[in-house]
Amino acid sequence: MKLLYPEFLWALTALSIPIIIHLFNFRKFTKVYFSNIELLKEVKLETKSKSRLKHLLILLIRLLLVTLLVIAFAQPYIPVEDEIQLGDASVGVYIDNSYSMDTKGENGYLLDLAKEQAIRIAESYKATDRFQVVTNDLEARHQRLISKDEFISLVEEIEPSYVARELNEIYLRQSDAMQERDGNKSLYWLSDFQKNAAQLSDIKNDSSLKIYLLPYHQQGKGNVYIDSIWFKTPIRKTASEENIFARVVNKTDSPIEFKIELSINNAIQGFGNFSIAENSTTNCMVPFTVAKNGMQHCKLYLTEYPDPDMLFDDEYFFSYNIENKVSVLQLLEKENANDALGYLANLFSKNNLYRFTSKSLSKLDFSTLNQYDFIITKGLTNISTGLSAELINYTKKGGSLLVFPSSSIDLDAYKNLLQTMVGANILGLDTGSTKVSYLNLENPIYKDVFDKVPDNVDLPKVNQHYAISFANSSGTEYLMKLQNGNSFLSSSQVAKGTFYFCSTPLTSEASSFPKHALFVASLLRIGEFSQPSSTLSYFIGKDNTIAFQEIPSDLEKLTIKSTTKEIEFIPEVRKVKNETNLLLYDQINTSGHYNITYGSNPIGGFSFNYDRAESDFSFYTTKELSELLAKSPIGNQANIIEGADDTSSINVNELVQGKQYWWQCILLVIVLLGLEIVITRLWK
């Protein structure tokens with residue numbers, strides 16, 4: 001046993017007071033004369049003996065009373081582990097206010113129980129101690145140490161949050177606030193310890209911090225939710241059937257039958273009935289058709305559940321824009337040149353999806369390049385330095401560029417383009433006969449295009465080609481390769497755009513490619529992928545920057561509005577390297593659809609969803625949490641405290657300061673006072 005304030009033992013000198021009173025009895029006696037003192041002497045001896053015993057008992061009681069009172073003020077305790085430091089304590093309390101905590105447990109809603117426990121923790125400390133409350137929102141007002149009253153007030157204001165944080169991020173925020181403090185420093189984590197968020201391996205340990213984990217156990221049966229959505233093709237069309245795919249996850253112990261419905265612009269456009277096994281995932285396809293161009297605000301959602309308690313993240317919002325046409329520009333060398341064979345003109349002009357334009361270099365205005373989604377250079381003998389710089393800039397900003405060289409080129413000009421674009425080198429023209437021997441069916445350009453490719457498929461024959469050597473770091477992928485291992489058609493990601501290079505001139509003399517079926521499939525698919533594809537959806541709390549193509553000059557008229565009219569604000573507009581970004585700064589905290597408006601006219605849109613990390617209802621048990629702590633850097637200073645989600649409170653004083661005995665001393669003092677009163681008044 002130890003004393004928290006041993007300096008109070010000096011007060012034991014007060015034991016001399018009852019001793020002095022006992023030794024110096026200042027009572028005055030009066031003499032009474034009797035004629036016969038035989039009997040009186042016998043009474044006097046008996047009374048003196050009893051009186052002496054009474055006084056000794058009272059002295060002993062008073063000595064014990066003073067001793068226990070002094071010990072009570074010295075606060076005796078048995079420490080749990082470490083020595084208790086003197087001074088004001090610093091207390092950091094993390095309250096997990098994610099949506100998984102906003103569920104009902106055995107004794108009420110877990111978040112409400114955590115808030116009540118946090119207040120009880122604060123009330124167990126002294127008024128001079130300092131406190132910090134931390135939630136998943138990481139608000140600025142939660143970054144400093146505050147008084148007990150301020151702490152309780154902030155705890156009462158906590159609401160469920162869309163944000164999910166990992167524990168190592170919470171620990172870093174709490175330890176930063178405690179760095180400049182001395183004395184006892186304790187951290188309390190009140191959470192359901194969801195497996196997706198309870199990451200402890202990357203924590204940088206601070207041995208001065210004592211950590212207490214207070215788990216809140218979920219009573220739910222699991223969850224069925226939409227994890228992600230996607231299209232298999234990059235371009236969206238009107239008046240033709242399309243398919244949207246959704247990955248559905250079943251985190252329950254029972255198979256589930258459910259229905260998915262798709263609404264587009266608040267009208268149901270498709271649905272499907274599906275089933276999923278227990279604790280598994282399945283991909284669901286929903287067919288639909290869109291009649292009009294423009295912004296499409298869509299929502300996939302699960303319906304007809306067998307158990308309504310499992311509805312959590314059962315809807316997924318996404319948006320996309322259907323453009324009128326894909327703009328294709330063909331660049332030729334001579335002013336009066338035409339596409340004599342008509343390969344490109346015939347291919348794109350007769351397809352309603354494309355808007356085809358052919359221009360010679362003498363009539364080209366470089367400033368108009370950004371108006372096109374797809375640029376094809378055909379048969380250019382020379383690429384000037386200015387044109388090369390403009391094509392590189394166009395590609396980096398998100399354009400698609402396909403180069404068909406001439407059979408007679410300026411090697412230095414092409415070397416400059418290829419070296420600057422992808423770090424490649426072009427060699428001389430090889431006139432040996434060969435053929436395409438490899439078709440990359442795993443590349444998105446060809447994936448899912450062919451139902452079946454026979455082993456002896458007829459691939460294009462080649463009479464002329466340029467040998468290209470690509471650097472290993474160029475990120476170039478071969479779409480087609482020749483028998484000699486050289487590239488026939490390659491694809492390289494350049495910043496936000498894509499650079500395609502065909503090593504063969506687009507003439508019938510050079511190869512059979514212009515008349516081959518692969519020519520149609522290749523060019524149309526490259527054209528589809530060239531259309532700017534916007535992000536289907538964003539996650540609240542993670543994505544706060546929206547890339548947007550066209551921003552009006554009058555920014556005061558630019559606003560972001562939810563389609564339900566509940567949220568409206570003016571975003572910050574920032575241009576970085578020819579890219580325009582809208583900065584949202586966590587102003588969106590509700591899932592749904594949002595429009596970018598200029599004045600009163602929508603000029604774009606996007607959708608936000610809640611982070612799917614909260615959807616996975618997998619939580620650590622106490623045993624699993626103990627094993628996780630044993631492997632983490634904080635394992636030696638962390639303790640798990642069970643019973644946080646019970647109706648009774650946890651004795652925090654015993655957790656921090658050990659088993660205290662001052663109140664037992666006070667209780668004994670009261671008992672001794674009562675005993676002294678009894679002896680004094682009843683012992684005659």
Engineer: May I ask you to check whether Thr504 and Tyr466 show a side-chain donor-acceptor distance below 3.5 Å?
Structural biologist: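 No donor-acceptor contact under 3.5 Å links the two side chains.
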
Engineer: Under the side-chain hydrogen bond (donor to acceptor under 3.5 Å, both in side chains) test, which residues partner Asn595, sequence neighbours left out?
Structural biologist: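 For Asn595, the residues satisfying side-chain hydrogen bond (donor to acceptor under 3.5 Å, both in side chains) (neighbours in sequence not counted) are His297.
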
Engineer: Is there a donor-acceptor contact under 3.5 Å linking the side chains of His593 and Ser607?
Structural biologist: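 Yes - a donor-acceptor pair under 3.5 Å links their side chains.
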
Engineer: Taking only residues at least two apart or on different chains, which pairs with a member in residues 431-446 satisfy salt bridge (charged side-chain N to carboxylate O under 4.0 Å, His left out)?
Structural biologist: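 Salt bridge (charged side-chain N to carboxylate O under 4.0 Å, His left out) check on residues 431-446 returns no pairs.
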
Engineer: Do the ring planes of Trp230 and Phe245 sit parallel (below 30°), tilted (30 to 60°) or perpendicular (above 60°)?
Structural biologist: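 The rings of Trp230 and Phe245 lie parallel, inter-plane angle below 30°.
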
Engineer: Would you kindly say whether Asn250 and Glu278 are connected by a side-chain donor-acceptor distance under 3.5 Å?
Structural biologist: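 Glu278 and Asn250 do not have a side-chain donor-acceptor pair below 3.5 Å.
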
Engineer: Could you check whether Tyr225 and Tyr316 have their ring centres less than 6.0 Å apart?
Structural biologist: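 When the ring centroids of Tyr316 and Tyr225 are compared, they turn out to be at least 6.0 Å apart.
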
Engineer: Using the side chain to side chain contact (heavy atoms under 4.5 Å, CB included) definition, which of the options Leu418, Thr395, Val422, Leu401 pairs with Ser492?
Structural biologist: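 Answer after filtering Leu418, Thr395, Val422, Leu401: Val422.
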
Engineer: Pairing donors with acceptors under 3.5 angstrom, does anything connect the side chains of Ser358 and Gln330?
Structural biologist: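 Ser358 vs Gln330: donor-acceptor pair found between side chains.
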
Engineer: Does any part of the side chain of Leu523, heavy atoms only, come nearer than 4.5 Å to the side chain of Ile376, both counted from C-beta?
Structural biologist: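 Side-chain contact under 4.5 Å: yes.
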
Engineer: Using 30° and 60° as the class boundaries, would you call the ring planes of Phe608 and Phe606 parallel, tilted or perpendicular?
Structural biologist: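 The rings of Phe608 and Phe606 stand perpendicular, inter-plane angle above 60°.
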
Engineer: Without hydrogens or angle criteria, can the side chains of Arg247 and Thr281 be said to hold a donor-acceptor pair below 3.5 Å?
Structural biologist: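 Short answer, no.
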
Engineer: Where do Glu333 and Thr381 land on the side-chain hydrogen bond (donor to acceptor under 3.5 Å, both in side chains) test, with the steps shown first?
Structural biologist: CA-CA 7 Å; Glu333 192 162 81; Thr381 302; 3.1 Å; yes

Engineer: Apply side-chain hydrogen bond (donor to acceptor under 3.5 Å, both in side chains) to Ser618 and list each qualifying residue two or more places apart in sequence or on a separate chain.
Structural biologist: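 In terms of side-chain hydrogen bond (donor to acceptor under 3.5 Å, both in side chains), with neighbours along the sequence ignored, Ser618 is linked to Asp616.
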
Engineer: Report the residue from Thr282, Val224, Leu302 that forms a side chain to side chain contact (heavy atoms under 4.5 Å, CB included) with Ile256.
Structural biologist: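 The side chain to side chain contact (heavy atoms under 4.5 Å, CB included) with Ile256 is passed solely by Val224 among Thr282, Val224, Leu302.
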
Engineer: If we only count heavy atoms from C-beta on, is the Tyr585 to Glu572 side-chain gap below 4.5 Å?
Structural biologist: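 Answer yes - side chains close enough.
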
Engineer: Using 4.0 Å as the upper bound for N to carboxylate O, is an ion pair formed by Arg236 and Glu242?
Structural biologist: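 Salt bridge: yes.
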
Engineer: Check whether NZ of the Lys or CZ of the Arg Lys561 lies under 6.0 Å from the centre of the six-membered ring of Tyr594 and within 45 degrees of that ring's axis.
Structural biologist: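 No, Lys561 does not lie over the aromatic ring of Tyr594.
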
Engineer: Return the OG1 to CZ distance between Thr563 and Phe317, rounded to the nearest 0.5 Å.
Structural biologist: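 Interatomic distance, Thr563 OG1 to Phe317 CZ, rounded to 0.5 Å: 8.0 Å.
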
Engineer: Indicate whether the side chain of Gln296 and that of Asn265 have a donor and an acceptor atom separated by less than 3.5 Å.
Structural biologist: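 There is such a pair (donor and acceptor under 3.5 Å, judged by atom type) between the side chains of Gln296 and Asn265.
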
Engineer: Does Tyr438 have its ring centroid less than 6.0 Å away from the ring centroid of Phe488?
Structural biologist: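 Judged by ring-centre distance (under 6.0 Å), Tyr438 and Phe488 do not meet the cut-off.
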
